[in-house]
> 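Handing you this structure, nothing more for now.
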Amino acid sequence: MSSDRDDDPTTIRVDQFLAHPPAKVWRALAEPELIAQWLMPGAFRLEVGHRYTMRTLPRPGTNFSGTVEAEVLAFERERMLRIRWVDRQSAGENARAAGQNAGQNAADWTITWTLEPEGRGTRLFLVHEGFDPDDPAQMRARKIMGGGWRGRVMVALEEVLGESGPGL
(Lines give C-alpha, C1' and ligand atoms only; values in the text may rest on other atoms or scores of the structure.)
Protein backbone atom coordinates (compact mmCIF):
# COMPACT_ATOMS: atom_id res chain seq x y z
CA MET A 1 0.00 0.00 0.00
CA SER A 2 2.21 2.84 1.17
CA SER A 3 5.38 3.25 3.16
CA ASP A 4 7.10 5.78 5.37
CA ARG A 5 10.74 6.07 6.34
CA ASP A 6 10.86 7.09 10.00
CA ASP A 7 14.59 7.88 10.07
CA ASP A 8 14.02 11.65 9.75
CA PRO A 9 11.87 13.11 12.56
CA THR A 10 11.35 16.34 10.60
CA THR A 11 9.60 14.62 7.70
CA ILE A 12 6.77 12.26 6.76
CA ARG A 13 7.26 10.32 3.51
CA VAL A 14 4.54 8.34 1.79
CA ASP A 15 4.95 6.29 -1.39
CA GLN A 16 1.60 5.14 -2.82
CA PHE A 17 0.72 3.41 -6.08
CA LEU A 18 -2.61 4.55 -7.54
CA ALA A 19 -4.22 2.54 -10.35
CA HIS A 20 -5.14 5.72 -12.24
CA PRO A 21 -3.26 7.75 -14.87
CA PRO A 22 -1.29 10.83 -13.76
CA ALA A 23 -3.77 13.23 -15.41
CA LYS A 24 -6.60 11.86 -13.27
CA VAL A 25 -4.52 11.91 -10.07
CA TRP A 26 -3.42 15.47 -10.88
CA ARG A 27 -7.03 16.61 -11.16
CA ALA A 28 -7.76 15.19 -7.70
CA LEU A 29 -4.76 17.13 -6.33
CA ALA A 30 -5.46 20.39 -8.15
CA GLU A 31 -9.23 20.91 -8.43
CA PRO A 32 -10.82 22.50 -5.34
CA GLU A 33 -14.08 20.55 -5.48
CA LEU A 34 -12.13 17.26 -5.61
CA ILE A 35 -9.60 18.30 -2.92
CA ALA A 36 -12.54 19.00 -0.60
CA GLN A 37 -13.71 15.40 -1.01
CA TRP A 38 -10.47 13.71 0.09
CA LEU A 39 -8.54 16.31 2.13
CA MET A 40 -10.13 19.55 3.34
CA PRO A 41 -12.32 22.19 1.71
CA GLY A 42 -10.63 25.43 0.71
CA ALA A 43 -10.45 28.00 -2.07
CA PHE A 44 -7.45 26.37 -3.75
CA ARG A 45 -6.24 27.82 -7.05
CA LEU A 46 -3.35 26.40 -9.05
CA GLU A 47 -1.27 29.57 -9.05
CA VAL A 48 2.12 30.12 -7.42
CA GLY A 49 1.67 32.54 -4.53
CA HIS A 50 -2.06 31.88 -4.14
CA ARG A 51 -3.06 31.79 -0.45
CA TYR A 52 -6.15 30.10 0.90
CA THR A 53 -7.53 28.61 4.12
CA MET A 54 -8.59 25.03 4.89
CA ARG A 55 -10.44 23.86 7.98
CA THR A 56 -10.73 20.53 9.75
CA LEU A 57 -11.03 19.30 13.31
CA PRO A 58 -8.48 20.62 15.84
CA ARG A 59 -6.10 18.08 17.36
CA PRO A 60 -5.62 18.62 21.10
CA GLY A 61 -2.10 17.94 22.35
CA THR A 62 -0.54 18.80 18.99
CA ASN A 63 -1.00 22.59 18.95
CA PHE A 64 -3.05 22.15 15.75
CA SER A 65 -6.08 24.45 15.69
CA GLY A 66 -7.76 22.82 12.71
CA THR A 67 -7.26 25.93 10.55
CA VAL A 68 -4.54 25.75 7.91
CA GLU A 69 -3.35 28.81 6.03
CA ALA A 70 -1.91 27.45 2.81
CA GLU A 71 0.11 28.88 -0.05
CA VAL A 72 0.96 27.34 -3.40
CA LEU A 73 4.77 27.42 -3.62
CA ALA A 74 5.42 25.59 -6.89
CA PHE A 75 3.92 23.19 -9.39
CA GLU A 76 4.63 21.33 -12.62
CA ARG A 77 1.39 20.16 -14.22
CA GLU A 78 0.76 16.45 -13.73
CA ARG A 79 4.18 16.09 -12.03
CA MET A 80 4.58 18.08 -8.78
CA LEU A 81 2.65 20.31 -6.39
CA ARG A 82 4.28 22.03 -3.39
CA ILE A 83 2.20 23.81 -0.75
CA ARG A 84 3.09 25.56 2.49
CA TRP A 85 0.82 24.89 5.48
CA VAL A 86 0.89 27.23 8.47
CA ASP A 87 -1.27 26.99 11.57
CA ARG A 88 -1.16 30.65 12.55
CA GLN A 89 -4.04 30.37 15.03
CA SER A 90 -2.10 27.71 16.89
CA ALA A 91 1.05 29.77 16.72
CA GLY A 92 -0.67 32.87 18.03
CA GLU A 93 -3.51 32.04 20.39
CA ASN A 94 -2.22 28.76 21.79
CA ALA A 95 1.31 30.06 22.28
CA ARG A 96 0.05 33.13 24.14
CA ALA A 97 -2.19 30.95 26.32
CA ALA A 98 0.83 28.78 27.14
CA GLY A 99 2.93 31.87 27.97
CA GLN A 100 5.12 31.50 24.87
CA ASN A 101 5.90 33.94 22.10
CA ALA A 102 3.56 33.66 19.13
CA GLY A 103 5.25 31.66 16.40
CA GLN A 104 7.33 29.53 18.79
CA ASN A 105 7.01 25.84 17.90
CA ALA A 106 4.28 26.72 15.40
CA ALA A 107 3.31 24.39 12.58
CA ASP A 108 4.99 25.67 9.42
CA TRP A 109 5.19 22.77 7.00
CA THR A 110 5.80 22.10 3.33
CA ILE A 111 3.76 19.44 1.58
CA THR A 112 5.12 18.19 -1.76
CA TRP A 113 3.21 15.79 -3.99
CA THR A 114 5.21 14.17 -6.82
CA LEU A 115 3.55 12.04 -9.51
CA GLU A 116 5.42 9.49 -11.64
CA PRO A 117 3.77 7.38 -14.34
CA GLU A 118 4.05 3.67 -13.53
CA GLY A 119 2.51 1.12 -15.88
CA ARG A 120 -1.15 2.05 -16.25
CA GLY A 121 -1.15 4.00 -13.00
CA THR A 122 0.73 6.60 -10.99
CA ARG A 123 3.29 6.40 -8.23
CA LEU A 124 2.40 9.23 -5.84
CA PHE A 125 5.05 10.46 -3.42
CA LEU A 126 4.17 12.73 -0.51
CA VAL A 127 6.83 14.57 1.48
CA HIS A 128 5.54 16.52 4.49
CA GLU A 129 8.48 18.49 5.92
CA GLY A 130 9.17 20.94 8.70
CA PHE A 131 8.37 19.13 11.95
CA ASP A 132 10.43 20.34 14.92
CA PRO A 133 12.03 17.28 16.57
CA ASP A 134 12.57 19.27 19.79
CA ASP A 135 8.84 20.04 20.18
CA PRO A 136 6.83 17.17 21.75
CA ALA A 137 3.57 18.55 20.32
CA GLN A 138 5.01 18.54 16.80
CA MET A 139 6.30 14.98 17.25
CA ARG A 140 2.76 13.95 18.29
CA ALA A 141 1.40 15.80 15.25
CA ARG A 142 3.92 13.98 13.03
CA LYS A 143 2.83 10.61 14.38
CA ILE A 144 -0.89 11.39 13.97
CA MET A 145 -0.46 12.98 10.55
CA GLY A 146 1.80 10.18 9.32
CA GLY A 147 -0.93 7.68 10.10
CA GLY A 148 -3.54 9.99 8.61
CA TRP A 149 -1.69 10.47 5.33
CA ARG A 150 -1.08 6.74 4.92
CA GLY A 151 -4.51 5.72 6.14
CA ARG A 152 -7.55 7.95 5.95
CA VAL A 153 -6.25 10.43 3.37
CA MET A 154 -4.95 7.87 0.86
CA VAL A 155 -8.14 5.81 1.24
CA ALA A 156 -10.26 8.93 0.61
CA LEU A 157 -8.11 9.89 -2.38
CA GLU A 158 -8.54 6.37 -3.83
CA GLU A 159 -12.31 6.65 -3.35
CA VAL A 160 -12.44 9.98 -5.20
CA LEU A 161 -10.29 8.58 -7.99
CA GLY A 162 -12.50 5.50 -8.25
CA GLU A 163 -15.67 7.53 -8.77
CA SER A 164 -16.90 7.96 -12.28
CA GLY A 165 -18.89 10.83 -13.67
CA PRO A 166 -18.32 14.54 -14.29
CA GLY A 167 -15.95 15.00 -11.31
CA LEU A 168 -13.27 12.77 -12.79
Side-chain angles (χ1 to χ4, degrees), residues 1-18 20 25 28-44 51-75 80-115 122-163:
M1 185 178 169
S2 65
S3 64
D4 182 29
R5 293 189 336 234
D6 286 327
D7 56 344
D8 181 354
T10 67
T11 304
I12 297 168
R13 296 179 192 281
V14 179
D15 172 342
Q16 177 78 36
F17 177 77
L18 302 167
H20 305 279
V25 175
L29 294 176
E31 293 184 11
E33 63 279 0
L34 297 175
I35 296 167
Q37 293 177 42
W38 64 270
L39 186 60
M40 291 180 273
F44 176 87
R51 294 173 185 232
Y52 59 103
T53 301
M54 298 183 293
R55 288 182 176 76
T56 189
L57 296 174
R59 297 286 181 196
T62 65
N63 289 341
F64 179 60
S65 70
T67 301
V68 176
E69 294 181 14
E71 177 183 2
V72 177
L73 299 177
F75 72 91
M80 183 274 297
L81 175 61
R82 181 170 297 127
I83 299 173
R84 180 178 183 210
W85 282 12
V86 177
D87 184 352
R88 292 212 192 276
Q89 184 176 350
S90 169
E93 293 174 13
N94 291 350
R96 280 189 290 281
Q100 302 170 337
N101 292 329
Q104 181 178 357
N105 296 328
D108 187 350
W109 300 316
T110 302
I111 314 295
T112 304
W113 300 95
T114 306
L115 295 76
T122 304
R123 179 66 57 181
L124 181 64
F125 298 96
L126 162 77
V127 178
H128 182 160
E129 315 175 83
F131 293 93
D132 180 353
D134 296 323
D135 180 1
Q138 283 215 16
M139 290 297 92
R140 281 190 299 279
R142 180 183 179 273
K143 181 177 181 179
I144 291 167
M145 294 178 87
W149 284 124
R150 288 186 296 281
R152 187 197 67 76
V153 174
M154 286 298 163
V155 168
L157 178 57
E158 283 275 15
E159 288 173 358
V160 168
L161 290 167
E163 294 176 358

> Rounded to the nearest 0.5 Å, what separation is found between the CZ atom of Arg13 and the NE2 atom of His128?
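With rounding to 0.5 Å, CZ (Arg13) is 12.0 Å from NE2 (His128).
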
> Indicate yes or no for a side-chain donor-acceptor contact from Arg142 to the backbone of Thr11 under 3.5 Å, with no hydrogens or angles considered.
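A pair under 3.5 Å: yes.
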
> Measure the CG-CE distance between Asp134 and Met139 for me, rounded to the nearest 0.5 Å.
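Taking CG in Asp134 and CE in Met139, the distance rounds to 8.5 Å.
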
> With no hydrogens and no angle check, is any side-chain donor or acceptor of Trp38 less than 3.5 Å from a backbone partner on Ala28?
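The answer is yes, because a donor-acceptor pair under 3.5 Å joins these two groups.
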
> Indicate the atoms forming the closest heavy-atom contact of Ser65 with Pro58, along with that distance.
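Looks like O-CB, 3.2 Å.
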
> Of the non-hydrogen atoms in Leu39 and Arg152, which two are nearest, and what is the gap between them?
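Looks like O-NH2, 4.2 Å.
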
> What is the minimum heavy-atom distance between Phe131 and Pro9, and which atoms define it?
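Shortest heavy-atom contact: CB-O, 3.6 Å.
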
> Between Val72 and Phe44, is the side chain to side chain contact (heavy atoms under 4.5 Å, CB included) condition met? List the steps.
CA-CA 8 Å; Val72 177; Phe44 176 87; 3.6 Å; yes

> In Å and rounded to the nearest 0.5 Å, what is the CD to CD distance from Glu158 to Glu163?
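These two atoms lie 12.0 Å from each other.
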
> Would you name the heavy atoms of Met80 and Leu115 that are closest together and state the gap between them?
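That would be N-CD1, 4.4 Å.
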
> Looking only at heavy atoms, which two atoms of Ala70 and Ile83 are closest? And how far apart?
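Looks like CB-CG2, 3.9 Å.
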
> Check whether any side-chain heavy atom of Met154 sits under 4.5 Å from a side-chain heavy atom of Leu124, and report yes or no.
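In short, these two side chains touch, coming nearer than 4.5 Å.
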
> Hey, could you give me the CE/CD1 distance between Met54 and Ile35, rounded to the nearest 0.5 Å?
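Going from CE on Met54 over to CD1 on Ile35, the span is 8.0 Å.
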
> Let me confirm one number: the CD-OH distance from Glu71 to Tyr52, rounded to the nearest 0.5 Å.
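Answer rounded to 0.5 Å: 10.0 Å.
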
> Going from CE on Met145 to CD on Gln138, what distance comes out if it is rounded to the nearest 0.5 angstrom?
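These two atoms lie 10.0 Å from each other.
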
> Is it true that a side-chain atom of Arg150 and a backbone atom of Gly146 form a donor plus acceptor pair closer than 3.5 Å?
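Yes; judged by distance alone, with no hydrogens or angles, the pair exists.
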
> Determine the interplanar angle of the Trp85 and Trp109 rings, folded into 0 to 90°, and report it as parallel if under 30°, tilted if 30 to 60°, perpendicular if over 60°.
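Tilted.
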
> Please check this pair: side chain of Asp87 against backbone of Ala107, looking for a donor-acceptor N/O pair closer than 3.5 Å.
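Flag not set: sc Asp87 to bb Ala107 has no pair under 3.5 Å.
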
> I would like to know whether Arg84 and Asp108 meet side chain to side chain contact (heavy atoms under 4.5 Å, CB included); could you show each step before the answer?
CA-CA 7 Å; Arg84 180 178 183 210; Asp108 187 350; 2.6 Å; yes

> Please report the shortest heavy-atom distance between Leu29 and Leu81, naming the atom on each side.
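Nearest pair, atom of Leu29 first, then Leu81: O-CD2, 3.6 Å.
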
> Distance-only, no hydrogens or angles: does the Thr122 side chain make a donor-acceptor pair with backbone N or O of Leu18 under 3.5 Å?
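Here the side-chain-to-backbone pair does not exist.
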
